[in-house]
Amino acid sequence: MSYADGFVLAVPKARLEEYKEMARNAGAVWKDHGALAYVECIGDDTPYGELTSFPRSVLAKEDEIVIFAWIVYESRAARDEINKKVMADPRLKGDPSTMPFDGKRMIYGGFEVFVEL
């Protein structure tokens, strides 16, 4: 079975195009190093829930949009090797303070896939 990294984050609407450019670059880097798939989605039906919701999970503000993303790998071992290469890739070097989102509010994790149709 494959392995996936998942992400949820909030991006200021005013910086969405900047984020899209960054995501396209990141996707190319992950794919170049062996990721099977790289997907970034813009939330357009993410209601603010009473207890839980995508916007609540990342403390999204009124002027922010939720991004849901995932990367698919052949296995956990492949993911670990690919991520080492990605983190060393100069195409992703940059000043974290200029990122088009607040990384402190990003939720992320690795997941073992158990259903794949």
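Values below: every heavy atom of this structure, side chains too, minus hydrogens, waters and symmetry copies.
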Does any non-hydrogen side-chain atom of [Y] lie less than 4.5 Å from one of [X]?
X	Y	result
I82	W30	yes
R76	E112	no
I42	I67	yes
V58	E64	no

Spacing of [atom1] belonging to [X] relative to [atom2] belonging to [Y], to within rounding of 0.5 Å:
X	Y	atom1	atom2	result
E40	R24	CD	CZ	10.0 Å
D5	N83	CG	CG	5.5 Å
D45	F54	CG	CZ	10.5 Å
D89	K85	CG	NZ	11.0 Å
D32	Y38	CG	OH	12.5 Å

Check this for me: [X], atom [atom1], are more than 12 non-hydrogen atoms of other residues, nucleotides or ligands nearer than 6.0 Å?
X	atom1	answer
K104	NZ	no
E50	CD	no
E74	CD	no

Using the ring of each side chain (for Trp, its six-membered ring), is Y3 parallel, tilted or perpendicular to Y73, with breaks at 30° and 60°?
tilted
Please check: side-chain N/O of R79 versus main-chain N/O of S2, any donor-acceptor pairing under 3.5 Å?
no
Between R56 and G49, is there a donor-acceptor pair closer than 3.5 Å when you use the side chain of the first and the backbone of the second?
yes
In this structure, would [X] and [Y] fall into the same cluster of hydrophobic residues linked by side-chain contacts under 4.5 Å?
X	Y	value
I107	Y19	no
M22	I71	yes
M99	L92	yes
L9	Y108	yes
F114	L117	yes

Would you mind checking if K61 and D63 are paired as a salt bridge, meaning a charged N to carboxylate O distance below 4.0 Å?
no
Output yes when E81 and K84 qualify as a salt bridge under the 4.0 Å nitrogen-oxygen rule, no when they do not.
yes
Between [X] and [Y], what is the shortest heavy-atom contact and its length?
X	Y	value
V8	S57	CG1-OG, 3.9 Å
A10	R105	CB-NH1, 4.0 Å
P12	P100	CD-O, 3.3 Å

